[in-house]
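Remarks on the structure that follows.
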Amino acid sequence: MPRPAVPHRSNLRREIAALAARMIAEDGISDYGFAKRKAARQLGAVNADELPNNAEIEAEVRTYLAVFQDEEHLERQHAMRLAAIDVMRELQAFRPYLTGAVLEGTAGRYAEVEIDLFPESAKEVEIFFLNQNVAYEHREPRRNQPDGPEAILVFDWGDVPIKLRIYSPDIERLTRRGPHGTRQMERARLATVEALVNATSGTAGTPQ
């Protein structure tokens, strides 16, 4: 009896990327590194060179969303970018930037709107929220991140989950890496996000 074929390493790499992308799109996993390690364990990968990089996973996320969540994804993306604009307008004094999956167009069903702030003090943001009667929760930042956030605040804007990462103002000038440490993290000021929404508004239905 012939032996079953062993998957080629490049095929296994693609399978890991595809499974990680499904986890990100469907299961609410936002950490690419965690998703690919979990996918690798499920598929029996043991070598580091079998793991896809983040660009490969992101490409698979875009493919998955286009195939399985096409119209739903476009409407969700539009609604989350509109929420980001509202929040950024409210927080203009703290130099907000949109970043993460909502900016990149890869937000799955459980994604958060990720906004980075660069106030003179993190306390200024909390005082602002208290004065505006905005309910929020603290989320503990990772302490082993160089130039990481001083605080993370999470709250809901209507039905849209928002995550604010608050940084020291001197971090704003630095080239930042994403949470997975493998590529530069894109970020956009309010005017750029408004232009992005205007440019893509014809491709998404109006959220109800």
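One is the number of the first residue; the rest follow in order along the sequence.
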Could you report the tightest heavy-atom contact between [X] and [Y], atom names first, then the distance?
| X | Y | answer |
| --- | --- | --- |
| Ala84 | Val113 | CB-CG1, 3.7 Å |
| Ala20 | Ala39 | N-CB, 3.8 Å |
| His73 | Ala107 | ND1-O, 3.3 Å |
| Ile16 | Glu50 | CD1-O, 3.5 Å |
| Pro119 | Glu124 | CB-OE1, 4.2 Å |
| Leu51 | Lys36 | CD2-O, 4.1 Å |

Taking atom [atom1] of [X] and atom [atom2] of [Y], what is their separation to the nearest 0.5 Å?
| X | Y | atom1 | atom2 | value |
| --- | --- | --- | --- | --- |
| Arg22 | Ile29 | CZ | CD1 | 8.5 Å |
| Leu98 | Glu104 | CG | CD | 9.5 Å |
| Glu60 | Thr106 | CD | OG1 | 13.0 Å |
| Ile24 | Tyr32 | CD1 | OH | 5.0 Å |
| Arg165 | Ile171 | CZ | CD1 | 13.0 Å |
| Leu19 | Ile57 | CG | CD1 | 10.0 Å |

Problem - Residues that Tyr136 engages under ring-ring contact (aromatic ring centres under 6.0 Å, His included), provided they are two or more places apart - result: Phe129, His138
Exercise for the section: Can you run down the ring pair (Phe, Tyr, Trp, His ring centres under 6.0 Å) pairs that involve residues 40-70, sequence neighbours left out, and say none if there aren't any? Expected result: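 Checked against ring pair (Phe, Tyr, Trp, His ring centres under 6.0 Å) - neighbours excluded - the pairs reaching residues 40-70 are Tyr64-Phe68.
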Handout entry: Which residues share a salt bridge (charged side-chain N to carboxylate O under 4.0 Å, His left out) with Glu140, sequence neighbours left out
Key =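 Salt bridge (charged side-chain N to carboxylate O under 4.0 Å, His left out) check on Glu140 returns Arg143.
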Problem - By salt bridge (charged side-chain N to carboxylate O under 4.0 Å, His left out) - contacts of Glu26 (at least two apart) - result: Arg109
Answer whether the closest heavy-atom distance between the side chains of [X] and [Y] falls below 4.5 Å.
| X | Y | result |
| --- | --- | --- |
| Arg81 | Val102 | yes |
| Pro96 | Asp116 | no |
| Leu91 | Leu164 | yes |
| Asp27 | Tyr110 | no |
| Leu65 | Arg76 | yes |
| Val154 | Ile162 | no |
| Ile85 | Met88 | no |
| Ile166 | Ile152 | no |

Practice task
Keeping the roles fixed (side chain from Thr99, backbone from Glu114), state whether a donor-acceptor pair exists under 3.5 Å.
Solution key: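 Not at all, since once roles are kept as given, no pair shorter than 3.5 Å links the two residues.
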Handout entry: Pairwise salt bridge (charged side-chain N to carboxylate O under 4.0 Å, His left out) hits with a residue in residues 148-163, at least two apart
Key =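 For residues 148-163: Glu112-Lys163.
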Exercise for the section: Mind jotting down which residue pairs meet the salt bridge (charged side-chain N to carboxylate O under 4.0 Å, His left out) criterion with at least one end in residues 89-100? Sequence neighbours excluded, please. Expected result: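 Listed by first then second residue: Arg89-Glu194, Arg95-Glu172.
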Exercise for the section: Please check if atom CD in Glu71 has more than 12 non-hydrogen atoms from other residues, nucleotides or ligands closer than 6.0 Å. Expected result: no
Practice task
Evaluate the side chain to side chain contact (heavy atoms under 4.5 Å, CB included) criterion for residues Ile115 and Tyr97: first the C-alpha distance (whole Å), next the side-chain angles of each, then the deciding distance (0.1 Å), finally the verdict.
Solution key: CA-CA 5 Å; Ile115 296 174; Tyr97 290 81; 5.9 Å; no
Exercise for the section: Show your working on side chain to side chain contact (heavy atoms under 4.5 Å, CB included) between Val160 and Leu82 and close with a plain yes or no. Expected result: CA-CA 10 Å; Val160 179; Leu82 289 176; over 6 Å; no
